[in-house]
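A quick write-up on the structure given underneath.
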Amino acid sequence: MIRKVDMYQCVCDRCGKPFEDDFHGFAAWTDEESAECVAMENGWETIGGNHYCPDCYEYDEETDSFIVKQDKKEKGE
């Protein structure tokens, strides 16, 4: 039997990339907490209530906090 089930992914709020656990081969979890927890354990960050992959945030030494990277067009470049 094949059954449709609802699953959860942690998705980057900047680039839209979903977290995938390469070690275990998982791309979705049965509950929101697990999806978020595993992503955070693998380098993702929650900033301002949103989730960001390692490509989309950086550490700001001046404020001792993580900040979301700006797109070039947002910087005026």
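These numbers were taken from a predicted model, which means no experiment stands behind them.
- Rounded to the nearest 0.5 Å, atoms NZ (Lys17) and CZ (Arg14) are 12.0 Å apart.
- At distances below 3.5 Å, at least one donor-acceptor pair connects side-chain atoms of Lys69 with backbone N or O atoms of Asp55.
- Residue Met40 is grouped with residue Phe19 when hydrophobic side chains (ILVMFWY) are merged at heavy-atom distances under 4.5 angstrom, including chains of intermediate members.
- Members clustered with Val68: Ile47, Tyr52, Tyr57, Tyr59, Phe66, by chain and number, using a 4.5 Å side-chain heavy-atom cutoff among hydrophobic residues.
- Considering all non-hydrogen atoms of both residues, Met7 and Thr30 come closest at CE-N, 3.9 Å.
- Between Ser65 atom OG and Glu62 atom CD the span is 10.0 Å, to the nearest 0.5 Å.
- Note: Thr46 OG1 to Asp13 CG = 9.0 Å, rounded to the nearest 0.5 Å.
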Could you go through Cys10 and Trp29, starting from their C-alpha distance and side-chain angles, then the distance that decides it, and tell me whether this counts as side-chain contact (heavy atoms from CB on, under 4.5 Å)? CA-CA 9 Å; Cys10 189; Trp29 287 260; over 6 Å; no
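- In this structure, the separation between CD on Glu36 and CD on Glu41 is 11.0 Å, given to the nearest 0.5 Å.
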Go through it in stages, so that I can follow the logic: the residues are Val38 and Asn42, the test is side-chain contact (heavy atoms from CB on, under 4.5 Å), and I'd like the CA-CA distance, side-chain angles, deciding distance and then a yes or no. CA-CA 6 Å; Val38 174; Asn42 286 277; 3.7 Å; yes
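- Side-chain contact check for Pro54 versus Trp44: some heavy-atom pair is nearer than 4.5 Å.
- One finds the SG atom of Cys37 at 9.5 Å from the CG atom of Asp31 (value rounded to the nearest 0.5 Å).
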